[in-house]
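Notes for the one structure printed next.
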Protein chains: 2
Amino acid sequence: MPLPPRVTDLAGFDLLLSVAELGSIGRAAKAHGMSQPSASERLRTLEARVGVTLLERTHRGARLTTAGQLVAGWAAQVLARAADLDAGITSLRADRQSHLRVAASLTVAEYLLPAWLIALRSVSPDTATVLSAGNSVHVAEQVLAEKADLGFVESTDVPAGLASRVVAHDELVLVVAPAHPWARRRKVTAAKAAATPMVSREPGSGTRQAWEHALGVAGITESAVPLLEMSSTTAIKAAAIGGIGPAVLSLHTVAADVAARTLVRVEVGDVDLHRALRAVWPSGRTPRGPASDLLTIATRTLTHRADRG
Amino acid sequence: MPLPPRVTDLAGFDLLLSVAELGSIGRAAKAHGMSQPSASERLRTLEARVGVTLLERTHRGARLTTAGQLVAGWAAQVLARAADLDAGITSLRADRQSHLRVAASLTVAEYLLPAWLIALRSVSPDTATVLSAGNSVHVAEQVLAEKADLGFVESTDVPAGLASRVVAHDELVLVVAPAHPWARRRKVTAAKAAATPMVSREPGSGTRQAWEHALGVAGITESAVPLLEMSSTTAIKAAAIGGIGPAVLSLHTVAADVAARTLVRVEVGDVDLHRALRAVWPSGRTPRGPASDLLTIATRTLTHRADRG
DNA sequence: GAGAGGCATAGGGACAGCCTATGTCCACAT
DNA sequence: ATGTGGACATAGGCTGTCCCTATGCCTCTC
């Protein structure tokens, strides 16, 4: 299901936020490196698409209407995630002149790193970061071979030769579509879950291994054959939402869907699905410079969350 | 500061997600109502902008590379917020044929309603919703005059004639730029905060009133003249991040910035800055139909959060 | 070895977006 | 009163992007 075209024009919303911030269309235009008439027209077409007047234009500038404030608030959320996306992309690019090399598991890279990188940029703006994503083994290799200055893994065991610090927590969760029978019960036994065919990641994936490992610890060694195997988290989510069947995914992956009730979380009895996310580095070589900054940022985020929990 | 143009093309990322989900460029193109060559070219220009190969093209379709999975994950976040934005816009439009009319304070409208509306759509897809946003008095008027079927307010006192239920919690927080002296101390007294000029909303705003009320309860009746008064939350955030001065804002507004450490939260001693967000409706007229569904959704979200807290 | 499915390339046309120049409106100062 | 400056709107013309149809190439399958 494609996104409605109404919200595809991020530049327009970005301009709207600048108007809110700077108080006039002309100044916003200058901030975006465009002429005042262009900005003016752009905002008018934005209003036309939205269908509501967003700006009150006066001879002394322009202010947001109530509806404009709402739209600006929603748009700010979109743009904040877009900034995350940009930070992530920047760290993926192969302009490998730079100094901070990070290796991370997919979960960390997807859900935590972008915000950290933005924070890092405000601490040391000139540090370019290169991100290499892979499974735990890959991360350990990179760090041990000193191809990465800092690594982030989600395994419970820290590979030999590496020192570590816990920077966040993750959890596997079982989710179903709201229409699924399990959505009402909100709890199933581990045995039942294991015996039920599900939508699943491919065998080698960290999520799948963690799930099978957790079941193994609980004494369950046989799982049903998956209903469907896919390599992309989004694809699995789409299948689960579409009602194909239950899925097991990282809490971070599905938090938004659970909050919005497009997916329902089902507790699984008697299985420990929790796992710590750790920063790792070669034993004895305490991170220095930007790597140390990034480690501090990651750790502080954790502390802060604990404050509020 | 305008958004980097690299991430402005939401349609391209949306297409990428469809490829991940459907397994081929051609099928994704069909899902988006465009021709296969167009989709193909679009993805190629996307890859060029990102600077990394995102897709592995084979004769049996196309799959995401590791980098592609990362980018898709980040993009999914952006698109999820964009869907919220779209839901909000839909509810603002004046196609007032519809049946569910909601009046809400700005905070609720900005941070909670979009997700609820998306959830509502999955329960009763044909219900169009009209949103009217304003302060608590406005919401009470709308609901009492039966111009709204359900209202959401953030006052501690429920206006006479209305029944209510708590659906969420909010909190005012004092934030400063990381470079500000208070960022290290992480705590100031209420008297000190009141005596310090800050970046502030205009006098009539709910946030400002709540702040002054909370100080009043603590016995502080005089506040310093604001450093700068602006009517938009984003403008205030931008000023605070820029280091103009401290600001007091809703927790929801600044949560992302605090997590990313672009703003630092400073505790304020001896003041109760907490406030409940309530759903309200005319006493004796228990909500029915879509209004009841929305109330259930809002309440469930709260329950679920409590589960995890 | 022929067919089918999937992606890439080529060429042409429509439309959106931008810029410069100019017009209009209103507040404020003289 | 009148002039001036700041701010937004309008007009006209150009450029570039995006999309579509048609076609080509490759590889697996039967």
Side-chain angles (χ1 to χ4, degrees), chain A residues 2-65 67-68 72 230-232 235, chain B residues 2-50 52-65 68 72 230-232 235:
Chain A
L3 194 71
R6 205 161 46 186
V7 294
T8 301
D9 169 34
L10 278 200
F13 288 106
D14 197 14
L15 198 55
L16 181 69
L17 287 182
S18 290
V19 174
E21 189 178 325
L22 302 173
S24 103
I25 296 179
R27 274 195 292 276
K30 195 172 294 177
H32 285 250
M34 67 186 351
S35 72
Q36 170 265 318
S38 302
S40 186
E41 186 187 335
R42 226 186 153 113
L43 288 166
R44 236 174 308 116
T45 68
L46 179 67
E47 281 182 314
R49 257 203 293 269
V50 170
V52 168
T53 305
L54 302 174
L55 289 172
E56 203 175 317
R57 288 148 235 253
T58 73
H59 43 94
R60 303 201 65 84
R63 308 180 23 168
L64 296 184
T65 61
M230 287 184 291
S231 64
S232 130
Chain B
L3 195 72
R6 204 160 48 186
V7 295
T8 300
D9 170 33
L10 280 199
F13 289 106
D14 197 14
L15 197 55
L16 181 70
L17 287 183
S18 290
V19 174
E21 189 178 326
L22 302 174
S24 104
I25 296 179
R27 273 195 292 276
K30 194 172 292 176
H32 285 248
M34 65 184 357
S35 72
Q36 171 266 316
S38 303
S40 185
E41 186 188 335
R42 227 184 152 116
L43 289 166
R44 236 174 307 116
T45 67
L46 179 68
E47 281 182 314
R49 258 203 294 268
V50 170
V52 169
T53 304
L54 303 174
L55 289 172
E56 204 174 315
R57 288 148 236 253
T58 73
H59 46 94
R60 303 198 65 82
R63 308 181 23 169
L64 296 185
T65 61
M230 287 184 291
S231 65
S232 128

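Predicted model only: the values in this text are computed from it and were never measured. Quick note on labels: first sequence line is chain A, next is B, and so on, each numbered from 1.
- At C:dC25, none of the side-chain N or O atoms of A:R57 fall inside 4.0 Å of OP1 or OP2 (strictly under the cut-off).
- Summarising the geometry, the separation between CD on A:E47 and C1' on D:dC8 is reported as 12 Å, rounded to the nearest angstrom.
- Between the CD1 atom in B:I25 and the CZ atom in B:R44 there is a gap of 8.0 Å [rounded to 0.5 Å].
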N/O to N/O distances under 3.5 Å, protein versus nucleotides 15-20 of chain D:
unit_1: D:dC19; atom_1: OP1; unit_2: B:R42; atom_2: NH1; d: 2.4
unit_1: D:dC20; atom_1: OP2; unit_2: B:S35; atom_2: N; d: 3.1
unit_1: D:dC20; atom_1: OP2; unit_2: B:S35; atom_2: OG; d: 2.9
unit_1: D:dC20; atom_1: OP2; unit_2: B:S38; atom_2: OG; d: 2.5

Note to self: Could you go through A:E47 and A:L55, starting from their C-alpha distance and side-chain angles, then the distance that decides it, and tell me whether this counts as side chain to side chain contact (heavy atoms under 4.5 Å, CB included)?
What the structure shows: CA-CA 8 Å; A:E47 281 182 314; A:L55 289 172; 4.1 Å; yes

Exercise for the section: Kindly determine whether B:L10 and A:L10 satisfy side chain to side chain contact (heavy atoms under 4.5 Å, CB included), including the steps that lead there. Expected result: CA-CA 8 Å; B:L10 280 199; A:L10 278 200; 3.9 Å; yes

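- Looking at B:E56, its side chain never comes within 3.5 Å of a backbone N or O of B:T65 through a donor-acceptor pair.
- The minimum heavy-atom distance between B:S232 and A:L64, with the atom names listed, is CB-CD1, 4.4 Å.
- C:dA16 atom C1' lies 15 Å from atom CG of A:L46, rounded to whole Å.
- For A:R27 and D:dG6, the shortest distance from a side-chain N or O to OP1 or OP2 is not below 4.0 Å.
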Any protein N or O atoms within reach of nucleotides 28-30 of chain D? Criterion: under 3.5 Å, listing atom names and distances.
unit_1: D:dC28; atom_1: OP1; unit_2: B:H59; atom_2: NE2; d: 3.4

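- Atom CG of B:L22 is separated from atom C1' of C:dC7 by 16 Å (rounded to the nearest Å).
- B:L15 places a side-chain heavy atom less than 4.5 Å from the side chain of B:M34.
- Rounded to the nearest 0.5 angstrom, A:L22 CG and A:H32 NE2 are separated by 8.0 Å.
- Atom pair A:L15:CG and C:dG17:P shows a separation of 12 Å (rounding to whole Å applied).
- Put simply, CD on A:E21 and CE on B:M230 are 8.0 Å apart, with the number rounded to the nearest 0.5 Å.
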